There are 2 protein chains.
Amino acid sequence: MSWRKEQRRAERGYHHGNLKEALLQAALGLIAEKGAAGFTFADAARMAGVSAAAPYRHFRDRDELLSSIAQRGFEQFEARLSAAWDDGRPDTVTAFERVGKAYLAFAREEPAFYNAMFESGVPVDANPALQAASERAFNIIRAAAERLAALTPPGTPRPPAMMMALHIWSMSHGVASLFSRGDAARRKLPMSPDELLEAEVLIYLRGLGFPIDRRPAGKSAEPPPVPPEAPSGSGVPPGGPWGKPK
Amino acid sequence: MSWRKEQRRAERGYHHGNLKEALLQAALGLIAEKGAAGFTFADAARMAGVSAAAPYRHFRDRDELLSSIAQRGFEQFEARLSAAWDDGRPDTVTAFERVGKAYLAFAREEPAFYNAMFESGVPVDANPALQAASERAFNIIRAAAERLAALTPPGTPRPPAMMMALHIWSMSHGVASLFSRGDAARRKLPMSPDELLEAEVLIYLRGLGFPIDRRPAGKSAEPPPVPPEAPSGSGVPPGGPWGKPK
DNA sequence: AGCTCATGTGAACGACCTTTACATGAGCCG
DNA sequence: CGGCTCATGTAAAGGTCGTTCACATGAGCT
């Protein structure tokens with residue numbers, strides 16, 4: 001019954017020592033379980049073994065805790081996108097696709113963060129630190145787009161990198177939101193979200209003039225058939241980025 | 001203080017007469033104001049001038065009301081997409097772009113519905129009627145994609161229509177969620193969400209092999225420079241769907 | 001006229017968010 | 001070492017919500 005609380009208290013004394021962190025962790029777990037909407041401040045406090053009022057010493061209110069989690073999420077998001085981009089190695093297009101996959105992987109593997117970041121209703125511009133973190137994450141995509149834009153084959157016009165970045169972001173976010181999340185809006189699909197996004201991005205890049213050859217979405221990823229950073233090939237390849245023509 | 005309630009009662013008698021509808025309307029207004037998360041069952045009841053327990057005669061719980069609104073939203077969504085598609089008139093590509101714009105317009109003009117449909121955490125598969133409505137809406141996009149896929153120029157492989165539909169949906173949803181909503185995740189953009197999506201779709205279609213000429217996003221929309229349904233032109237046009245090359 | 005049942009009321013319960021006054025004890029200063 | 005201070009925690013209380021229950025009302029049928 002209540003010996004639990006006593007014991008907890010006995011274990012750690014009157015002061016918790018690391019409550020802020022414990023609350024963040026507890027909240028993260030709760031959000032992963034029940035979504036940002038179902039997460040409750042009181043529950044996080046309970047889970048940390050403190051009274052319901054204690055969290056207010058560390059967060060102005062429930063929203064600030066949520067906002068903190070979102071910020072942390074954007075930081076990890078940036079780290080993962082950054083690692084995936086790997087400064088464009090081994091070649092820009094390969095790295096670019098890896099970023100898209102990293103986006104989906106993050107949405108899938110860190111549902112709590114993703115939820116807090118994009119689906120919790122936290123206004124990004126409420127917290128300057130949050131906004132900054134969000135911007136840093138986007139800047140990875142932006143930088144990648146910049147490099148990609150510089151590679152447009154001669155003869156084709158160069159698209160604005162910012163626009164490309166926004167396009168890629170919207171595709172990734174659209175696929176992740178609609179098809180790649182755990183509980184909510186899952187639909188039956190003829191292909192995996194990863195394949196769906198990969199095909200989408202490849203078709204898009206082809207529309208920009210990049211000579212993209214078909215890639216059956218899972219083959220050996222390494223050997224770039226073109227000398228890296230030197231676009232070759234004719235305009236329109238016979239195959240497409242999707243499985244089989246016809 | 002409380003004469004208000006008395007007067008309400010005097011006006012309409014003990015029975016409301018149309019409470020279900022009144023609740024739906026009230027909830028819609030509240031969601032538009034404060035989002036699906038901030039909307040409260042009690043508030044809706046107050047707004048309709050009834051006690052807090054009355055709504056339970058019409059909805060099992062708060063979630064069912066939300067789900068009903070989402071369903072209604074999908075119905076209106078379908079109607080608008082359907083009208084925009086207009087069975088592919090005057091030509092398939094024009095109609096297709098109109099569907100994309102209708103998607104954004106709906107997200108912008110009916111934030112309450114959009115919120116309930118996509119951001120409220122209502123599981124689509126909870127309510128069969130909701131799921132059916134959602135599917136009907138998607139089928140508009142699917143049908144349009146089907147027609148478009150049938151138009152792929154000779155020599156280019158034909159993409160699966162379902163995949164195209166999912167791609168278009170994810171682009172539209174991504175742009176709408178990230179950039180085209182009222183309060184939440186608004187970012188500064190170099191172009192309007194409409195232009196962003198239009199360019200995205202055009203580039204994508206070009207990637208599929210459609211001969212898309214540049215369209216400065218706002219010119220006279222009517223005259224199709226190609227005989228309708230007879231793709232012409234060379235492979236790669238000199239301009240792009242974005243503003244200016246270079 | 002009388003019955004019935006859908007529809008609405010008020011009271012009550014438990015959970016949550018948040019504030020306030022008070023308690024505790026860790027760290028510092030003499 | 002003794003005492004002070006202030007960050008950190010607690011209990012209690014007020015307000016709102018969601019939800020249920022027993023009871024009230026009256027619209028519509030017989």
Side-chain angles (χ1 to χ4, degrees), chain A residues 1-24 26-27 30-31 33-69 120-122 126, chain B residues 1-27 30-31 33-69 116 120-122 126:
Chain A
M1 307 304 157
S2 139
W3 66 271
R4 261 226 145 281
K5 201 193 286 178
E6 316 289 341
Q7 178 174 348
R8 286 261 210 180
R9 192 91 78 84
E11 279 169 9
R12 59 147 239 257
Y14 191 90
H15 289 285
H16 183 289
N18 200 12
L19 185 52
K20 186 162 187 169
E21 192 54 36
L23 286 172
L24 285 167
L30 289 170
I31 294 175
E33 275 181 39
K34 311 185 292 183
F39 142 77
T40 138
F41 216 27
D43 250 340
R46 240 188 310 272
M47 192 153 304
V50 296
S51 77
Y56 289 86
R57 297 292 177 196
H58 300 275
F59 301 96
R60 198 174 351 81
D61 54 16
R62 183 178 172 284
D63 281 349
E64 195 182 88
L65 196 163
L66 226 54
S67 159
S68 287
I69 291 189
S120 68
V122 175
Chain B
M1 293 308 155
S2 140
W3 66 271
R4 261 226 141 281
K5 200 195 283 178
E6 316 288 341
Q7 178 174 347
R8 286 262 212 180
R9 190 91 79 84
E11 279 169 10
R12 56 147 241 256
Y14 190 90
H15 288 286
H16 184 289
N18 200 11
L19 184 52
K20 186 161 189 169
E21 192 54 36
L23 286 172
L24 285 166
Q25 291 304 327
L30 289 170
I31 294 175
E33 277 180 38
K34 312 186 290 184
F39 142 77
T40 138
F41 217 27
D43 250 339
R46 243 187 310 271
M47 191 152 305
V50 296
S51 77
Y56 289 86
R57 297 293 177 195
H58 300 275
F59 302 95
R60 197 174 354 80
D61 55 17
R62 182 178 172 283
D63 281 348
E64 195 182 88
L65 197 167
L66 228 53
S67 158
S68 287
I69 291 189
S120 68
V122 174

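Since we're looking at a predicted model, the values are computed, not measured.
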Under the side-chain hydrogen bond (donor to acceptor under 3.5 Å, both in side chains) test, residues paired with B:Gln25 that sit two or more places apart: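 B:Gln25 satisfies side-chain hydrogen bond (donor to acceptor under 3.5 Å, both in side chains) with B:Glu21 only.
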
Side chain to side chain, A:Leu23 and A:Met47, heavy atoms closer than 4.5 Å: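 Not in contact.
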
Sugar-phosphate, base or nothing in reach of A:Gly38, heavy atoms under 4.0 Å: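 Since no nucleic acid heavy atom lies under 4.0 Å of A:Gly38, the category is nothing.
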
I need the [atom1]-[atom2] distance between [X] and [N], as an integer number of Å.
X       : N      : atom1 : atom2 : result
A:Phe59 : C:dC17 : CZ    : P     : 14 Å
A:Lys34 : C:dC16 : NZ    : C1'   : 11 Å
A:Leu65 : C:dC16 : CG    : P     : 15 Å
A:Arg57 : C:dG25 : CZ    : C1'   : 14 Å
B:Asn18 : C:dT7  : CG    : P     : 11 Å

I need the [X] [atom1] to [Y] [atom2] distance, nearest 0.5 Å.
X       : Y        : atom1 : atom2 : value
A:Leu65 : A:Phe39  : CG    : CZ    : 5.0 Å
B:Ile69 : B:Ser120 : CD1   : OG    : 9.5 Å
B:Leu66 : B:Phe41  : CG    : CZ    : 10.0 Å

Nucleotides 12-19 of chain D: protein proximity per nucleotide (B base, S sugar-phosphate only, - neither; heavy atom, under 4.0 Å): -----SSB

Pairs involving residues 48-63 of chain B, ordered by first then second residue, that meet side-chain hydrogen bond (donor to acceptor under 3.5 Å, both in side chains) (sequence neighbours left out):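 Every side-chain hydrogen bond (donor to acceptor under 3.5 Å, both in side chains) pair that includes a residue of residues 48-63 of chain B, provided the two are not neighbours, is B:Arg60-B:Glu64.
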
Phosphate OP1/OP2 of D:dA7: any A:His58 side-chain N/O under 4.0 Å: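 No, because none of the side-chain N or O atoms of A:His58 sits under 4.0 Å from OP1 or OP2 of D:dA7.
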
Shortest side-chain distance from B:Ala54, nucleotide among C:dT9, C:dT7, D:dG9: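 Of the candidates, C:dT9 comes closest.
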
